[in-house]
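Structure, as structure tokens:
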2 protein chains.
Amino acid sequence: MVTIKDIAKALNLSPSTVSRALRGSYEINPQTKQLVLDYAAKMHYYPNPIALSLKGSKSKAIGVIVPEIAHSYFSQVINGIEEVAYKRGYHVVIFQSLESYEREVISIENMMARRVDGVLISISSYTIDFAHLQKLRDNQFPVVLFDRITDEIDTFKVVADNFAGAFAATEHLISTGRRRIAHITSLPWLSITQERLEGYKSALAKYDIAFDESLVKYCSFDAGEITMAIKSLLALTDSPDAFLSMADRLTLSCLTNLKEMGINIPTDISLVGFSNLTVAHLLDPPFSTVVQPAFETGQTAAQLLLDWIEKKDKNVDFNTKKLPMKLLIRKSSQL
Amino acid sequence: MVTIKDIAKALNLSPSTVSRALRGSYEINPQTKQLVLDYAAKMHYYPNPIALSLKGSKSKAIGVIVPEIAHSYFSQVINGIEEVAYKRGYHVVIFQSLESYEREVISIENMMARRVDGVLISISSYTIDFAHLQKLRDNQFPVVLFDRITDEIDTFKVVADNFAGAFAATEHLISTGRRRIAHITSLPWLSITQERLEGYKSALAKYDIAFDESLVKYCSFDAGEITMAIKSLLALTDSPDAFLSMADRLTLSCLTNLKEMGINIPTDISLVGFSNLTVAHLLDPPFSTVVQPAFETGQTAAQLLLDWIEKKDKNVDFNTKKLPMKLLIRKSSQL
DNA sequence: TATGCAAACGCAATCGGTATCGATGCCAAG
DNA sequence: CTTGGCATCGATACCGATTGCGTTTGCATA
């Protein structure tokens, strides 16, 4: 690896002159400058980013924490983050929390130890204490939340319009004649869970359908739990005629379970689910989905973070970007 | 951020003593050592990895190049890589080639500029010149290939047993009475394409079925091409009774196209495809798949690379690890 | 001729941590 | 009393690039 000193030695110049020539400083003789530039190009000189980082205390790296990489939604988000970061000369270091609070805290520490310039995070399902994030913010450290956010941290946030997505899905089910719409959702304390529930309730209200608490089921990541939830829903005296599921894993579980039980979709029960699977149209039956703007979420969050990092003055005006959802109606929810 | 010098000043010691105390050097008074350790813990001291990197010319980072992150197979591979890398204190920097040779070359340069300690790469489909990789190897730089490999580079490689996978799938189709088995595959110059074709041929030979070149279709990433291929196969006078597709995107395209054409699966045409989709069982019909050991591939490749990086002597004995495939038989290929 | 003043470039400190080489103090052996 | 050896710790160069400041030119002006 060729360094500035190598170039300096070869051209009988001082390292400082070479450095300035490479950076195009005005106080270098154009001829000298050209000489250095040519030689550097010939020798394939690249500035050592590690030395730069040490000097400037900027690593040109951002950290990303997601619950799981191998999950269609998050891998699409990462795709969007990559695209933006790559174009702006940053690299992306990825961590998985695996929905564990402890791993999330460790990942944050790890990132700080590695001196990333900023963090993008979608909070783990089991994180209810946000001290690890608040500490970063207290130190003026740039953190952008996406998808799973929280009110307790004041910063930039990027989310899908969960309310509108749930509202549209519910309204669609109502418009196809359904009245007893079960709401299968994730953990109750998550922001996305709450927003989606509100969208659902709001749509019911619009059509004067009473909200029935017994139709709402909160499910953890235990696979058996969703099966239990479905069975208890079907056991109701006034059992549901539609399922609205609010997460990928829940959507797929619903489908698997209902099929196993021999329930006809959509004749017996109509089905709409939040999902970013690219093969929803190939499922049996082709599945109506609310699709999250995953790629755009990644892009937007990365933009915000990098703008923030590169901003001179530290007076930033935080806001929350809300990206539109898309409802794709397929056979699972048609008459 | 607290540094060694801060600690030194606070405890009236020299930076070198603090450094040695933190590293547990034997030549430090146990009491002094404890003092330093306690103070460092209290102040949340983390060694600056950037300074370490500059000194030791090791970045403790590895680069990964995949065609696309948001692809079930590759995201599972990355998952495996991550797991191993973090346990061993490395971080993972991910690049996408998007199946472009140019982007692959740029990514390599980018990684070198960033001084990663090693590279894991699954070669882009349109890479037929390997000079960029050979240059790395010429400089004794650790590179491990996975999935898409090449004979032109002598190094560690990790692949799935493509031959066995294709053989098993073909044999299964034959055992269900199929004799005209179409082979829909990827670009002809890829290692995986060739190995899978060999497996297919070998299974045909075993059962004395003549190999018919007209049943083999090579498809690029153009979506229309697969449709054309399928139509031309169905137009044959002796048209196929089974489709064997050799990549995720092809498998899904086959399914989409055949369904659109109103062809009954598996009655009219039996279907088996290579795929790492986790929802194959929910497709219509439930889809027989050859599943690649994605996670294990990532783990193995990362292991090999890190062992190599950390090895003292540079005499490494290259080999190619072959991981078993799994054939999951579902309705799409049953009688 | 002396002085001023740019233009062009070199010196050396710096970032944080490590490693080499001393330096010091103390105790025991000669 | 001197010398050697050990235990313990400090000063400093170094990794690669940047940067404030100083220095050397050449040239024009008083």
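The chains referred to below are lettered A, B, ... by the order of the sequence lines, with proteins before strands, and numbering in each begins at 1.
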*Are the charged groups of A/D147 and A/K157 less than 4.0 angstrom apart, N to O?*
no
_Under 4.0 Å, counting only non-hydrogen atoms across every strand here, what does A/L13 touch: a base, just sugar-phosphate, or nothing?_
sugar-phosphate
*asked:* Using OP1 and OP2 only, check whether a side-chain N or O of B/S16 sits under 4.0 Å from D/dG10.
replied: no
*Interatomic distance where NZ belongs to B/K33 and P belongs to D/dT8 [whole Å]*: 9 Å
*Atom CE of A/M1 to atom P of D/dA17: distance rounded to whole Å?*
10 Å
_Shortest side-chain distance from B/A51, nucleotide among D/dT8, C/dA8, C/dG17_ = C/dG17
_On the nucleotide D/dT8, are OP1 or OP2 found under 4.0 Å from the side-chain N or O atoms that B/T17 carries?_
no
*Test: A/E99 and A/R148 ion pair at under 4.0 Å*: yes
*Hey, does A/D6 reach any base, or is it just sugar-phosphate, or nothing, if we go heavy atoms under 4.0 Å?*
nothing
*Where each residue is assigned the nucleotide of DNA chain C containing its nearest heavy atom, which of A/R115 and B/E27 is assigned the position nearer the 5′ end?*
A/R115
_If the cut-off is 4.0 Å, is B/Y45 near the phosphate of C/dG17, judged by side-chain N/O to OP1 or OP2?_
yes
*asked:* Considering every strand and a 4.0 Å limit on heavy-atom distances, what is the contact class for B/T32: base, sugar-phosphate, or nothing?
replied: sugar-phosphate
*asked:* Suppose we call two aromatic rings close when their centres sit under 6.0 Å apart. Are B/Y86 and A/F95 close by that rule?
replied: yes
*asked:* Can you tell whether the side chains of B/D307 and B/R88 come within less than 4.0 Å, N to carboxylate O?
replied: yes
*Rounded to the Å, how far apart are A/L54 CG and C/dT14 P?*
13 Å
*Between A/Y46 and B/S14, which is nearer to the 5' end of DNA chain D once each is assigned its nearest nucleotide?*
B/S14
*Under 3.5 Å donor-acceptor pair, A/R20 side-chain atoms to D/dG20 base atoms*: yes
*For A/N48 and C/dC15, what is the distance between atoms CG and P respectively, to the nearest whole Å?*
18 Å
*Where do B/Q134 and B/I153 land on the side-chain contact (heavy atoms from CB on, under 4.5 Å) test, with the steps shown first?*
CA-CA 6 Å; B/Q134 189 56 53; B/I153 307 289; 3.3 Å; yes
_Would you say A/S19 places a side-chain N or O within less than 4.0 Å of OP1 or OP2 belonging to D/dT18?_
yes
*Hey, are B/T17 and B/S14 close enough side-chain-wise for a donor-acceptor pair under 3.5 Å?*
yes
*Rounded to the nearest angstrom, tell me the gap between atom CD in B/Q31 and atom C1' in D/dA7.*
13 Å
_Toward the 5' end of DNA chain D, by each residue's nearest nucleotide, B/K55 or A/L52_ = B/K55
*Please determine, for the side chain of B/P47, which listed nucleotide (C/dG17, D/dA17, D/dC15) has the closest atom?*
C/dG17
*Under-3.5 Å donor-acceptor pair between B/S53 side chain and D/dC15 base*: no
*To the nearest angstrom, how far is B/L22 atom CG from C/dA19 atom C1'?*
15 Å
*Nearest whole angstrom, please: distance from the P of D/dA17 to the NZ of A/K58.*
20 Å
*Measure the distance from NZ on A/K9 to C1' on D/dG16 and round it to the nearest whole Å.*
12 Å
